[in-house]
Amino acid sequence: MLSTVSTYLFALAPLAAAALWGGLYVVSKWGFDAVPPLTLAFLRVVVGAVALLVVVQLTYPARQFTRRDLFGFTALGAVVATSLATQFLGTALTTASQGSLITVLTPVFTILFGVTLLGERLSMRLLVGMLVAIAGTIVVLTGQYDLSELAGAATTGVVMLLLASATWALYTVWGKPLIDRYSALETATYSCVAAVPMLAALVPLEVAVTDASLRAIELTPALIVAVLYLGLLGTAAAWYLWYKGMEYVDASVISAFFFSQPVVGALFGATLLGESLGSRFVLGGVVMAVGVYLVSTTRTAA
């Protein structure tokens with residue numbers, strides 16, 4: 001009985017990851033006032049990689065990786081580096097409503113990749129649950145944002161966020177074989193480490209093509225806290241929790257927990273910024289929760 005409860009709790013780990021990501025948009029958008037987007041993405045990954053490496057060194061024995069696995073970790077690093085770069089660039093070029101709506105597509109991409117790349121089964125319960133969760137999330141967002149501004153969306157920013165959603169879904173699905181051979185923690189760690197030099201190479205490029213100046217960055221206490229939040233919580237903890245769920249359920253199932261991200265973001269806005277939630281938040285949250293429940297219990301119900 002205890003083992004069953006433990007397994008179910010670990011299967012819910014992606015929900016905790018999505019909750020940690022709920023504040024990323026606000027923190028990232030604020031951080032861009034002090035640090036250029038790609039530089040901030042690089043700092044985020046450096047902090048996350050260091051934290052993950054420390055934990056792995058303390059909890060796992062030294063590994064001897066095959067060329068195949070080294071290539072796998074490197075490929076995952078390239079995918080997640082692309083996802084972070086496009087996410088931060090897209091965030092800098094769009095509004096909160098545009099970013100939140102586009103991230104709703106991430107679970108859709110994940111299901112498509114899960115079915116095509118991993119051979120996961122697309123059951124009717126899973127499909128209905130996803131549609132219900134999407135509907136609930138949109139209700140939440142319509143109560144939080146003025147969606148009429150989507151008509152003036154910056155095309156480049158939208159394309160960047162779409163690419164970020166697709167590549168994060170690919171990172172989710174493509175990591176499954178390595179998670180099965182090693183662990184969620186090791187896969188998250190080594191893919192994060194592999195992404196560090198890739199994002200580092202983009203920093204001088206960003207400086208060269210923009211008027212950004214690294215010397216102008218002022219290391220205030222608030223900026224340090226923001227980078228630590230992005231690195232320790234939004235990267236190290238969240239990436240591990242997201243992959244931890246993959247040890248117990250299919251990628252298609254854990255993707256549904258991604259819908260809680262804009263809900264948590266709205267709660268952050270209400271708590272920290274004094275924004276009003278309104279009745280649509282409650283209604284949409286309930287509908288979304290029903291959809292997530294249907295998806296998360298797909299395997300046991302099948």
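Positions are given from 1 along the sequence.
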T59 side-chain N/O to V55 backbone N/O, donor-acceptor pair under 3.5 Å: yes

Which atom pair, heavy atoms only, marks the closest approach of L52 to A236? CD2-O, 3.5 Å

Checking E186 now: which residues fulfil side-chain hydrogen bond (donor to acceptor under 3.5 Å, both in side chains) with it, not counting sequence neighbours? R63, S183

When hydrophobic residues are tied together by side-chain contacts of less than 4.5 Å, even through go-betweens, does L163 share a cluster with V173? no

Provide the closest heavy-atom pair for F88 versus P37 in the form atom of the first, atom of the second, distance. CD2-O, 3.3 Å

Please check if L70 and L178 belong to a single hydrophobic cluster, counting links between Ile, Leu, Val, Met, Phe, Trp and Tyr side chain heavy atoms closer than 4.5 Å. yes

When rounded to the nearest 0.5 angstrom, what is the spacing between CZ in F109 and OG1 in T106? 7.5 Å

Working to the nearest 0.5 angstrom, can you tell me the gap between L84 CG and F42 CZ? 12.5 Å

Minimal non-hydrogen separation, A194 against G77, with atom names: CB-CA, 4.0 Å

Got a donor-acceptor contact below 3.5 angstrom from the R44 side chain to the T39 backbone? no

Shortest non-hydrogen pair, L38 vs V203, comes out as O-CG2, 4.3 Å

Do V47 and L228 have side-chain heavy atoms sitting under 4.5 Å apart? yes

Quick check: does any side chain N or O of T86 sit under 3.5 Å from a backbone N or O of S83, one acting as donor and the other as acceptor? yes

Does the side chain of V45 reach to within under 4.5 Å of the side chain of C192, using non-hydrogen atoms? yes

Please report the interatomic distance CG(L43) to CG(L223), rounded to the nearest 0.5 Å. 8.0 Å

Mind checking ring pair (Phe, Tyr, Trp, His ring centres under 6.0 Å) for F65 and listing every partner two or more places apart, or none if nothing turns up? F73, Y182, Y190

Any side-chain heavy-atom pair from L170 and L117 closer than 4.5 angstrom? yes

d(L20 CG, T235 OG1) to nearest 0.5 Å is 10.0 Å

Any heavy-atom pair between the side chains of F71 and R67 that's under 4.5 Å? no

Beyond-backbone contact of V80 with W168, side-chain heavy atoms, under 4.5 angstrom: yes

Any side-chain heavy-atom pair of W242 and T172 under 4.5 Å: yes

What is the minimum heavy-atom distance between I179 and M246, and which atoms define it? CD1-CB, 3.7 Å

Decide whether M198 and L89 are clustered together by the hydrophobic rule: side chain heavy atoms of Ile, Leu, Val, Met, Phe, Trp, Tyr closer than 4.5 Å, transitively. no

Establish whether V35 and I224 are linked, either directly or via other cluster members, by ILVMFWY side-chain heavy-atom contacts under 4.5 Å. yes

For A85 and L199, the nearest pair of non-hydrogen atoms, with its separation, is CB-CD2, 4.2 Å

Please check if V46 and V225 belong to a single hydrophobic cluster, counting links between Ile, Leu, Val, Met, Phe, Trp and Tyr side chain heavy atoms closer than 4.5 Å. no

Does any non-hydrogen side-chain atom of E247 lie less than 4.5 Å from one of Y243? no

Any donor-acceptor pair under 3.5 Å linking the side chain of T82 with the backbone of A78? yes

Could you pull out all residues at least two apart from S191 that satisfy side-chain hydrogen bond (donor to acceptor under 3.5 Å, both in side chains)? Y171

Given 3.5 Å as the limit, does a donor-acceptor pair link the side chain of T167 with the main chain of A164, or not? yes

Quick check: W239 with W21 (ring centres under 6.0 Å apart)? no

